[in-house]
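Just so you know, ligand 1 is whichever comes first in the structure, and atom 1 is the first atom listed for that ligand.
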Amino acid sequence: MTFLPWNLSLGTRTAAGLIFGQSGGSFWMPPPSATSAIWVDRAFYFILYVSTFFFLLIVTLMTFFVIRYRRREGLGPQRSPHHHLALELTWSGIPLLLVIAMFGLGFAGYIDMRTPPRGAYEIRVSGQKWNWSFQYPNGYVDTNLHVPIDVPVKLTMSSKDVIHSLFIPAFRIKQDLLPDRYTTMWFTATRPGEYDLLCAEYCGTSHSEMLAKVIVHRPGEFEAWLQEAQKRRQNLSPVELGRELYLYAPGGCAVCHSIDGTRKVGPSFKGIYGQIHEFENAPPTLVDDNYIRESILNPSAKIRKGYPDQMTVYKGQLSDEQITALIEYIKTLK
Ligand code: CUA
C-alpha cells in the first residue's frame, strides 16, 4: 500500500475500535472494508469529535453564564470592556487550524480516491433502470460485483438511461453514472465478505430496488470464480440462457416483469405466449416470436392496455441469440 502515507493496518476489533470506528463497525458506520474507507472515517471522526467537544464546551459555558450572570437585585448591565487582542487572535487562530486540518484530511483522501493506481484491475459497470451489470475483462457479465482482495480495482461506469449513482457504504465510495459518458471510481478491498451496493440517485419507480452485492473473494479464489462463471454461461441451452437474461444482465427483465402473474411496473410474462393482447396504441395482436422481439427492441410500438410506456429500449443491447433465448424462455412460462 505504497500510495498511502502512513500505515493503515485495520487491527483487531476492540471496544475502543467500536466507538472510534477503527476496525469493526461503529454506531455511525459499517466496518471499513477498503482502503478508501480509512480516509473517509478519519475525516469523519475527526470532525465528529471536534464538533462534539465544542458543542459540549459552548453549551456548558452558556448555561453556566446564563445562571451566573443573570439579572439580579442591585446587579444591572455593565459596560463591555475594551476588546482583548490576544483573546480574539486565539479564538480565530484555533478554529482556523482545526478547519485547515479538516481540509487537509479530506483533500488527501479525495486525491487518493480520484487517482486509480496504474495497473488496477478494470471492471466495466453499466447502470440501467433498475439494475446493475458488471463486465469482467474476459467478457463475462454479472449482476453482482465480484472482486479480488488486496488488489486495486477500477470501475469504468456509464448509464444506459438516466443518472444513477453507485454507492458501496462499507468502502465509503459513491460515484454518479451518466448516460453517454464514462465516470470512474477505484478501491482496494481489504476484507473478504459480502457487502451492499446500491443506487444513491433517485432514478424512478424501482430506484429502491436497484441493489446488488459486492463479493470480495479470498486470495486466489477470484480467478477461479471468474473462469467457472464464464464456463457456465457458455454451456447454457437457449432456455437456460433466456432465464439468466431474464434474471440478470443486461437490464434483467425481472425488475419489471414477474413470471408468476404478479403485476409489476410491466405486465407478467406468465402464460403470455400464444395469447392475444390488447394495446393502448395498436390493434389486438397475437403474442408470438415477432411480437416479443418487437417489444424488446422497440417497446413503445405496442403499449399493453393499462400499463405505462416505461420500458427501456433494448435495440443494440441484445444480440439475436439473446433475443431468441428470451423468447424460448418466455414460451416455457405456462
Ligand atoms: Cu438507479 Cu436510483
>> Between Phe279 and Tyr307, does the ring pair (Phe, Tyr, Trp, His ring centres under 6.0 Å) criterion hold? Intermediate values first, please.
In response: CA-CA 9 Å; Phe279 300 98; Tyr307 287 90; over 10 Å; no

>> Nearest 0.5 angstrom please: Thr205 OG1 to Lys129 NZ, how far?
In response: 7.5 Å

> Would Met210 count as a contact for atom 1 (Cu) of ligand 1, in the sense that one of its N, O or S atoms lies under 2.8 Å from it?
Replying inline: yes

> When you measure from atom 1 (Cu) of ligand 1 to each N, O or S atom of His164, which atom gives the shortest distance?
Replying inline: ND1

>> How wide is the angle at atom 2 (Cu) of ligand 1 spanned by Cys203 SG and His207 ND1, rounded to 10 degrees?
In response: 120°

>> If we ignore hydrogens and angles and just use 3.5 Å, is the side chain of Gln275 paired with the main-chain N or O of Gly271 as donor and acceptor?
In response: yes

>> Restricting to N, O or S atoms, which atom of Glu201 is closest to atom 2 (Cu) of ligand 1?
In response: O

>> Pair Thr156, Glu122 - check side chain to side chain donor-acceptor pair (under 3.5 Å), show working.
In response: CA-CA 7 Å; Thr156 302; Glu122 270 203 72; 3.1 Å; yes

